[in-house]
Structures are given as C-alpha cells and as structure tokens.
Amino acid sequence: MENKIFYALLLLLTTALNAFSQEKVTLSGTIADKANNETLIGVGIYIPEANASFTTNSYGFYSITLPKGDYTIIISYIGFDDVQERISLTENTKRDFVMLENSTELQEVVVSSNATKTNIRKPEMSVNKLSIATIKKMPAVLGEVDVLKSILTLPGVTNAQEGASGFNVRGGSVDGNLVLLDEAVVYNTSHLFGFFSVFNSDVIKDLKLYKGGIPANFGGRISSVLDIYQKEGNNKEYHVTGGLGLISSRLLVEGPIVKEKSSFVVAGRGSYIHLFLKLADEPNSVYFYDLNAKLNYKINENNNIFLSGYYGYDYMNFGDALINGYGNSLLNVRWNHIFSDKLFSNASAILSDYDYELKIKFAGLNWKSEPLLIIQTRAS
C-alpha cells in the first residue's frame with residue numbers, strides 16, 4: 001500500500017514538473033508593406049490563445065516567446081487589411097509578414113473597446129503616434145502639409161508665441177523639446193521663421209511624440225521628444241510624386257537599386273518667392289530649400305545598412321541692409337543586426353551641423369557663426 005502511494009506521488013510530482021518546465025520557443029521577424037517593402041512601425045500583434053498583445057519596434061522587428069503549441073497570429077495596423085495566420089510552434093521560428101494597404105472607404109466608424117486585448121507588453125505613457133497618411137488628411141496651408149502644424153492638434157501641444165517658430169508642450173518652452181530626424185538632432189525646425197517646417201511630408205514615414213516618461217536613450221529633456229523617421233524607398237518599382245504650391249513646390253523620386261534588396265529615396269523642396277520679387281524689380285530676396293535622401297541595402301536576413309541625410313537652408317536679403325541665413329545638415333549611417341530571435345540591435349554614427357549668419361548694415365553687425373558640428377554614436 002505504501003509503495004502504491006509513493007509511486008502515485010512520484011507520478012504527480014513528475015507531471016507537475018513537466019507542466020512548470022514546459023519548453024518555450026520564440027517567433028520573430030519583420031512586418032512590411034506589401035506594395036513597397038517599407039517596414040511598419042508599431043504594428044499590433046494579438047495571440048488569442050495566450051491572451052497577449054505585442055507591437056513591432058521602430059524598425060519593424062518583433063519577437064514573441066511562447067510555449068510550444070499551435071497559435072493564431074492576428075496582425076492589425078491602421079490603413080491596412082488584417083492578417084490572420086495559424087502557426088504551429090515547435091522550434092524557434094523566423095517569419096516575416098507583409099500587409100496590404102486597405103483603400104476601402106468606410107460609411108461609418110465605430111469605436112469600441114475589447115477587454116481581451118488589454119494585455120500590454122510595453123506600456124508607454126504620454127506618447128502620441130501619427131502616421132503620414134493621417135497627417136496628409138489634415139487641412140494644408142498654401143498647398144503644404146506641415147508635420148509640425150499637425151502635432152498642434154494633439155493634447156497638451158500649443159503653438160509658440162507670435163513671430164516665433166516651434167511648439168510648446170504642457171507649458172514648456174521651445175528649447176525644452178528634442179527633435180530628431182532619423183535619430184539626428186534638428187536644431188532649427190522651421191523655414192521662414194515658422195511659416196513652414198523643415199520636414200517634407202512626402203518623405204516622412206512615421207513620427208512619435210513623447211510628452212512624458214521619456215525613455216532614457218533620448219537623454220534628458222524637460223518638455224518632449226519628437227522622433228521622426230524618413231521613408232526607406234520602394235524596392236519593387238519606381239515612383240515619382242510631387243506637388244505645386246503658391247509659395248513652394250516639391251518633388252520625390254524613389255525606387256529600387258537592386259530589386260528586393262536595395263532602394264533609394266530622394267526628395268527636394270524649394271520656394272520661389274524671390275523670383276516674383278525679381279520680376280517686380282524688387283531688390284529684396286527671400287527663399288528656402290531643402291533636400292532629403294536615404295539609401296538602404298539588405299546584406300542578408302539579419303543585416304541591413306542605411307544611409308540617410310538632410311540639408312536645408314533659409315536666406316533673406318532686404319536691400320543688403322539686413323541679411324539673414326541659417327540651415328541644418330544631417331547625416332546618419334545606421335546598421336541593423338539581428339543577433340538572435342530575441343536580440344535586435346541598432347548602431348548609428350550621426351553627424352549634425354547647424355550654421356547661422358546675420359548682417360545688419362546700419363548697426364555695423366556682421367555675425368557669422370562657426371558651423372556647429374556634432375558627431376555621435378548610438379546603439380540600442
């Protein structure tokens with residue numbers, strides 16, 4: 001009798017240990033737009049069997065660790081059709097997904113809550129995300145969609161005072177904001193003293209505004225961090241887009257260098273106010289221009305190289321009595337590497353440059369700053 005009790009307890013203990021030591025495996029990969037292979041940021045991934053939700057990081061990468069078994073993967077993203085797939089996880093698996101843009105016009109929008117999707121893996125406080133598709137639906141001023149003007153619609157964000165550029169967040173000042181373009185610091189975010197922003201909407205991929213709980217990798221900032229990423233370029237086919245405005249025009253060219261492996265995007269924008277002034281025989285001159293460029297090369301499934309840059313300049317000349325010029329120059333070389341299905345790394349070498357010129361003839365002022373050149377490395 002005692003032997004039977006002993007074997008029964010031993011069997012029960014073995015079963016319990018097997019349950020607790022259930023082997024886990026990892027599902028990882030990237031999620032991209034099917035039309036152009038652009039990776040998608042912040043895509044929602046929901047697994048009903050595990051009652052768990054996940055999102056892709058800033059580079060479209062995801063990693064999910066689960067016990068072995070069969071699972072339903074539901075992928076959703078605003079503006080795209082949902083993707084649902086049944087996956088049997090018996091070992092560490094790498095699976096890349098593509099999503100198809102949804103252009104269906106809805107008759108009505110119903111917003112409802114779903115308590116089963118509240119299992120948040122990585123909570124972010126006071127963070128607002130805006131896609132460029134949403135921004136382009138907002139009213140445009142003089143034919144120009146403005147990224148900075150769009151964030152003024154978010155709670156806690158207000159315009160700077162009259163005659164000043166930038167934005168204020170929850171009572172803070174303009175110099176309390178950190179603005180990044182492809183991880184490089186932008187020191188002056190405006191053209192024509194705030195009439196336009198330096199960000200060409202055609203080349204912007206995604207933006208995120210941190211108004212509180214700012215992650216440590218951004219350093220110390222009092223008010224906010226505006227993190228903006230440029231497009232990587234369509235690696236399937238060539239596209240040319242542009243637009244004409246009353247004050248400025250823009251043009252974007254993107255396409256593959258090596259199909260499915262490497263791509264480029266180049267965008268330019270410039271004003272032509274000074275041309276009308278010349279036609280009126282006016283000695284004054286006011287103009288701005290900027291240039292965005294980005295190249296990427298997929299070495300293999302685990303390594304991607306990116307080279308992105310920006311150059312912009314403003315110039316104002318009022319009869320040689322007052323001359324003012326300023327501009328930003330940015331360059332970023334970035335390497336994404338997947339060490340394993342659980343470890344993703346991003347290493348960047350960044351160059352930021354800002355120069356400023358001011359001449360006031362009647363005051364005898366001739367001030368030209370030396371270029372502010374900052375080189376930094378970043379890893380995450």
Side-chain angles (χ1 to χ4, degrees), residues 141-142 144 146-149 158-169 172-200 218-226 228 247-248 250 268-293 308-332 349-376:
V141 179
L142 298 176
E144 284 288 338
D146 197 316
V147 173
L148 290 187
K149 294 292 189 298
T158 60
N159 197 4
Q161 62 269 24
E162 287 294 329
S165 61
F167 59 96
N168 299 332
V169 177
S173 59
V174 174
D175 57 1
N177 303 318
L178 173 64
V179 181
L180 301 172
L181 179 64
D182 274 350
E183 303 177 356
V185 180
V186 179
Y187 290 96
N188 194 323
T189 60
S190 68
H191 287 307
L192 300 182
F193 296 107
F195 202 74
F196 294 103
S197 76
V198 299
F199 305 112
N200 186 343
F218 291 118
R221 274 304 186 274
I222 297 174
S223 294
S224 70
V225 173
L226 180 61
I228 301 177
I247 294 178
S248 66
R250 64 190 188 278
R269 183 176 57 159
S271 66
Y272 31 72
I273 311 171
H274 60 292
L275 300 179
F276 296 115
L277 294 176
K278 287 182 178 180
L279 292 175
D281 199 22
E282 177 65 45
N284 301 330
S285 180
V286 178
Y287 64 84
F288 73 86
Y289 60 87
D290 50 37
L291 178 68
N292 299 75
S308 61
Y310 167 84
Y311 179 74
Y313 197 76
D314 280 66
Y315 181 80
M316 285 153 278
N317 186 343
F318 299 100
D320 291 332
L322 173 63
I323 298 175
N324 184 211
Y326 58 91
N328 297 280
S329 300
L330 311 174
L331 181 66
N332 183 8
I350 304 167
L351 181 148
S352 297
D353 183 15
Y354 181 71
D355 63 278
Y356 186 84
E357 176 186 9
L358 178 62
K359 294 181 181 179
I360 304 177
K361 189 174 182 180
F362 65 86
L365 176 64
N366 187 354
W367 177 23
K368 183 174 177 61
S369 66
E370 292 294 329
L372 176 62
L373 184 63
I374 295 180
I375 301 176
Q376 57 180 320

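- Listed by chain and number, the residues in a side-chain hydrogen bond (donor to acceptor under 3.5 Å, both in side chains) with Asn317 are Tyr315, Asp320 (sequence neighbours excluded).
- To the nearest 0.5 Å, the span separating CE on Met316 from NZ on Lys359 amounts to 14.0 Å.
- The distance from the CH2 atom of Trp367 to the CG atom of Asn324 is 9.5 Å, given to the nearest 0.5 Å.
- By the side-chain hydrogen bond (donor to acceptor under 3.5 Å, both in side chains) test, Asn284 is found to be paired with Glu282, residues two or more places apart in sequence or in another chain being considered.
- Considering only heavy atoms from C-beta on, Asn292 comes within 4.5 Å of Leu181 through its side chain.
- Taking both residues in full, the closest heavy atoms of Ala184 and Ser352 are given as CB-OG, 4.0 Å, listed atom of the first, atom of the second, then distance.
- Looking at residues two or more places apart in sequence or on another chain, you find a ring pair (Phe, Tyr, Trp, His ring centres under 6.0 Å) between Phe288 and His191, Phe196.
- The NZ atom of Lys361 lies 9.0 Å from the CD1 atom of Ile323; values are rounded to the nearest 0.5 Å.
- A search for side-chain contact (heavy atoms from CB on, under 4.5 Å) contacts involving Ile360 returns Leu322, Leu358, Phe362, Ala363, Leu365, not counting sequence neighbours.
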message: Apply side chain to side chain contact (heavy atoms under 4.5 Å, CB included) to residues Val169 and Asn177 and explain how you reach the verdict.
response: CA-CA 8 Å; Val169 177; Asn177 303 318; 3.9 Å; yes
query: Would Arg269 and Phe199 count as a side chain to side chain contact (heavy atoms under 4.5 Å, CB included) if you check the C-alpha gap in whole Å, the side-chain angles of each, and the deciding distance to 0.1 Å?
result: CA-CA 10 Å; Arg269 183 176 57 159; Phe199 305 112; 5.8 Å; no
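- With contacts defined as side-chain heavy-atom distances shorter than 4.5 Å, the pair Asp182/Leu330 does not qualify.
- Judged by distance alone, the side chains of Tyr310 and Asn328 never bring a donor and an acceptor atom under 3.5 Å apart.
- A distance of 11.0 Å separates OG of Ser224 from CZ of Phe218, quoted to the nearest 0.5 Å.
- What you find for Asp290 and Val198 is that their closest heavy atoms are OD2-O, 3.6 Å.
- Tyr272 meets the side-chain hydrogen bond (donor to acceptor under 3.5 Å, both in side chains) test with Ser249; sequence neighbours excluded.
- Here the straight-line distance linking atom CG of Asn188 with atom CG of Asp355 works out to 10.5 Å at 0.5 Å rounding.
- Checked against side-chain contact (heavy atoms from CB on, under 4.5 Å), Tyr289 has the following partners two or more places apart in sequence or in another chain: Tyr287, Tyr311, Tyr313.
- The distance from atom CG of Leu226 to atom CG of Leu180, rounded to the nearest 0.5 Å, is 8.0 Å.
- Side-chain contact check for Ser197 versus Thr189: every heavy-atom pair is 4.5 Å or farther apart.
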Verdict with reasoning, Tyr354 to Val186, per side chain to side chain contact (heavy atoms under 4.5 Å, CB included): CA-CA 8 Å; Tyr354 181 71; Val186 179; over 6 Å; no
